[in-house]
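Accompanying notes for the structure given below.
Keep in mind that what you see is a predicted model, and the values were worked out from it rather than measured. Atom set for the values below is all heavy atoms of this structure, side chains included, hydrogens, waters and symmetry mates excluded.
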Amino acid sequence: MGVPKVYLTAEQRAAERWRNEDKEIRGRIGAYLAVTGRNVGQLALRIGMTQATMYRRMKAPGTFRLDEYRRLMDERAAERWRNEDKEIRGRIGAYLAVTGRNVGQLALRIGMT
């Protein structure tokens, strides 16, 4: 006789999926805080909520209101864009240093006149 099979209801599967999504959201927020060097209170202020509310939302990410979640994602996107901008400027600066060109010469070379 084999091991009995366990069947999950659609509701149980959804609950498991939501738990995993909650972990992912908490992980993304934690990663964002680690990369930016900010703390939860600073992030809360940046997206317009109190520190206490932010901690409650992080414990239960499903309680984020849609507008709060959008502001959170906008903040993450803005930080990513700032980092990408820094990287691009760094690469351009390195290119100019290696080639001895200036920004005007580079603009002409790539057709940005």
Side-chain angles (χ1 to χ4, degrees):
M1 196 159 163
V3 177
K5 292 185 179 183
V6 177
Y7 294 97
L8 299 177
T9 65
E11 190 173 298
Q12 290 170 322
R13 285 192 302 274
E16 179 66 25
R17 189 173 58 250
W18 294 333
R19 279 191 296 277
N20 291 335
E21 288 173 1
D22 286 354
K23 287 179 191 175
E24 184 178 335
I25 291 169
R26 281 192 295 272
R28 287 181 179 187
I29 292 170
Y32 170 82
L33 295 174
V35 167
T36 62
R38 292 192 176 102
N39 62 39
V40 173
Q42 293 167 325
L43 176 59
L45 286 175
R46 289 184 70 86
I47 64 172
M49 68 173 59
T50 67
Q51 185 173 341
T53 299
M54 185 67 184
Y55 274 111
R56 277 195 311 275
R57 301 289 194 260
M58 286 183 65
K59 286 182 182 176
T63 63
F64 270 108
R65 293 188 332 233
L66 184 56
D67 62 317
E68 293 168 342
Y69 188 73
R70 285 178 176 158
R71 286 195 307 269
L72 181 63
M73 293 301 106
D74 285 348
E75 176 60 27
R76 287 185 65 236
E79 187 66 32
R80 188 171 52 249
W81 293 329
R82 284 190 289 273
N83 289 337
E84 288 173 1
D85 287 350
K86 287 178 191 174
E87 182 181 342
I88 291 168
R89 285 192 303 271
R91 287 182 180 194
I92 290 171
Y95 172 80
L96 295 175
V98 167
T99 62
R101 293 190 171 102
N102 63 37
V103 173
Q105 292 168 326
L106 176 59
L108 286 173
R109 184 170 176 83
I110 62 174
M112 293 181 63
T113 55

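A chain of hydrophobic side-chain contacts below 4.5 Å, direct or via other Ile, Leu, Val, Met, Phe, Trp or Tyr residues, connects F64 to Y55. There is no path of hydrophobic side-chain contacts, each under 4.5 Å, that joins V35 to Y32.
Not one N or O on the side chain of R38 forms a donor-acceptor pair closer than 3.5 Å with the backbone of L43. Not a single donor-acceptor pair under 3.5 Å links the side chain of E75 to the backbone N or O of L72. Counting only distance, with no hydrogens or angles, the side chain of R13 and the backbone of L8 share a donor-acceptor pair below 3.5 Å.
One finds a salt bridge joining E24 and R28 here, because a Lys/Arg side-chain nitrogen approaches an Asp/Glu carboxylate oxygen to under 4.0 Å. R70 and D74 are not joined by a salt bridge, as no carboxylate oxygen comes within less than 4.0 angstrom of a charged side-chain nitrogen. Look at E16 and R19 and you find a salt bridge, because one of the NZ, NE, NH1 or NH2 atoms lies within 4.0 Å of a carboxylate O, short of that distance.
Interatomic distance, OH of Y7 versus CD of Q12, reported as 13.5 Å (0.5 Å rounding). For the atom pair D22 CG and M58 CE, the distance stands at 11.5 Å (nearest 0.5 Å). How far CD1 of I47 is from CE of M49: 4.0 Å, rounded to the nearest 0.5 Å. In this structure, the separation between OH on Y69 and CD1 on I25 is 4.5 Å, given to the nearest 0.5 Å.
The nearest pair of heavy atoms linking T63 to E68 is O-OE1, 4.3 Å. Closest of all the heavy-atom pairs between T50 and T53 is OG1-OG1, 2.8 Å. For the residue pair R26 and P61, the shortest heavy atom distance occurs at NH1-CD, 3.2 Å. Contact between M54 and A44 at its shortest, heavy atoms only, is CB-CB, 3.7 Å.
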* Asked: Could you walk me through whether R71 and R46 pass the side-chain contact (heavy atoms from CB on, under 4.5 Å) check?
  -> CA-CA 9 Å; R71 286 195 307 269; R46 289 184 70 86; over 6 Å; no
